[in-house]
Amino acid sequence: MPELPEVETLVRRLREPVIGRTIENVTIYWKRTVARPAPKEFARMLRGYTVRSIDRRAKYLVFELTPRASTSLRSAQRAAVTPTLFLLIHLRMSGKLSVVDRTEPRAKHDRVVFDLDDGRQLRFNDIRKFGKIWLVADPEMVTGAIGPEPLDRAFTLPKFRKLVKSRSGIIKPLLLNQAFLAGVGNIYADEALWRAKIHPRRKTDGLTEVEVATLYRSIRKVLRTAIEDEGTDAGDGVIEGDYQPRVYGRTDQPCYRCHQPIQRIVVGQRGTHFCPQCQPQRGPGRRR
DNA sequence: CAAACTCCCTGTTAGC
DNA sequence: TGCTAACAGGGAGTTT
């Protein structure tokens, strides 16, 4: 399941083949993949638009597009009538993006195919059809309610402390809440909590100052490391990175710190992996 | 406000 | 061997 590091990796890989390319045509094989506007309108609007940049916000890929440079308009004129559009793609569970020659036979679960002006295609393939694509004038229309980027310079420990204190409830579901923090999914929530030695069922208001600070550093460390490793290979072909989870998917295998078997429980309806020894339910014993 | 639950989907896997 | 049912999970929306 692609999370922040996997999406970041994909964005970096797509820049070289896609930036500067103009979209000549769009074929939609599964209409519900297109969230907005309506599929016909979506395909019509994109034609003739050139990709200027590709970035990431939370787990969304954000493509900035402007109309193909036209020599028939003076630049001032063009500026006045040139609407920048943003194409946002969320891979959800099984979405994949690839750039291939258009002669390549269509894959089974290709949902939307963008014809580029160099004979290649950007293909969105998605087994489970959970993935969505938007075309909007302002990316905030889609990502407006999402919390801060954990790797932003502006996202400091005081900011995180304040954020945690503004909420009550169980820590793991909170980490998964995109309105709280952007881009953390099931894998990296478990990984960060293991690193911080915090039990996933702990309540936020029971965390010590030190634990909150450690969690802050753990989240950033885990995400940075995973980006360096180009993501986690979940075995579903979404991305084939080298990040090796310490707890996620390691049920019954020994903890890398204390060799106790990793446990799998359900927290907030999500499969959750943790070390019962390193991450005690009670938290750190009071010093006295 | 928090948290549980439902829905969207299909490939994989456990159970019979 | 072959079938069915349960399961996985991000996130929006709904209900408790």
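Letters A, B, ... mirror the listed sequences (proteins, then strands); counts begin at 1.
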For this session: Drop me the distance from A:D152's CG to A:K159's NZ, to the nearest 0.5 angstrom.
Result: 9.0 Å
Problem set entry | Nucleotide B:dC7, atom P - distance to CZ of A:R128 in whole Å | 18 Å
For this session: Apply the test side chain to side chain contact (heavy atoms under 4.5 Å, CB included) to residues A:V99 and A:V18: give CA-CA distance (whole Å), side-chain angles for both, the deciding distance (0.1 Å), then the verdict.
Result: CA-CA 8 Å; A:V99 179; A:V18 176; 3.7 Å; yes
Exercise. Base, sugar-phosphate alone, or nothing: which one does A:R201 contact when heavy atoms must sit under 4.0 Å apart?
Worked result: nothing
Exercise. Separation of A:F130 atom CZ from B:dT6 atom C1', in whole Å?
Worked result: 12 Å
Exercise. Going 5' to 3' on DNA chain C, which nucleotide is the first and which the last to come under 4.0 Å of a heavy atom in chain A?
Worked result: C:dA8 to C:dA12
Exercise. Would A:Y216 and A:F155 count as a close aromatic pair, with their ring centres under 6.0 Å?
Worked result: yes
Problem set entry | Sugar-phosphate, base or nothing in reach of A:K59, heavy atoms under 4.0 Å | sugar-phosphate
For this session: Could you tell me whether A:D118 and A:R120 have a side-chain N and a carboxylate O separated by less than 4.0 Å?
Result: yes
For this session: For A:Q269, answer base if it contacts any base atom (sugar-phosphate contacts may also be present), sugar-phosphate if it contacts only those atoms, and nothing otherwise; contact means non-hydrogen atoms under 4.0 Å.
Result: base
Problem set entry | Spacing of A:H109 atom NE2 relative to B:dC9 atom C1', expressed in whole Å | 11 Å
For this session: Can you tell me the distance, in whole Å, between the CG atom of A:D126 and the P atom of B:dT10?
Result: 10 Å
Exercise. Which angle, to the nearest 10 degrees, lies between the helix axes at the two ends of the helix from B:dA2-C:dT16 to B:dC16-C:dG2, each defined by five pairs?
Worked result: 60°
Exercise. Could you state the CZ-P distance from A:F180 to B:dC1, rounded to the nearest angstrom?
Worked result: 14 Å
Problem set entry | Value in whole Å for how far the P atom of B:dC8 lies from NZ of A:K31 | 19 Å
Problem set entry | Summary of salt bridge (Lys or Arg N to Asp or Glu O under 4.0 Å) pairs that have at least one residue in residues 249-274 of chain A, sequence neighbours excluded | none
Exercise. Would you say the side chain of A:L10 lies within less than 4.5 Å of the side chain of A:L91, judging by non-hydrogen atoms?
Worked result: yes
For this session: May I have the distance from A:R270 (atom CZ) to B:dA3 (atom P), rounded to whole angstrom?
Result: 15 Å
Problem set entry | Short N-O contact, A:E104 and A:R123, less than 4.0 angstrom | no
For this session: Let me know which of A:T50, A:D115, A:D117 forms a side-chain hydrogen bond (donor to acceptor under 3.5 Å, both in side chains) with A:R21.
Result: A:D117
Exercise. Contact class for A:Y248 (heavy atom, under 4.0 Å): base, sugar-phosphate, or nothing?
Worked result: sugar-phosphate
For this session: Under 4.0 Å between any heavy atoms, over every strand shown, what does A:G169 touch: base, sugar-phosphate, or nothing? Just pick one.
Result: sugar-phosphate
Exercise. Quick one: do the A:Y243 and A:E6 side chains pair a donor with an acceptor below 3.5 Å?
Worked result: no
Exercise. Just how far, in rounded Å, is C1' of B:dG11 from NZ of A:K108?
Worked result: 9 Å
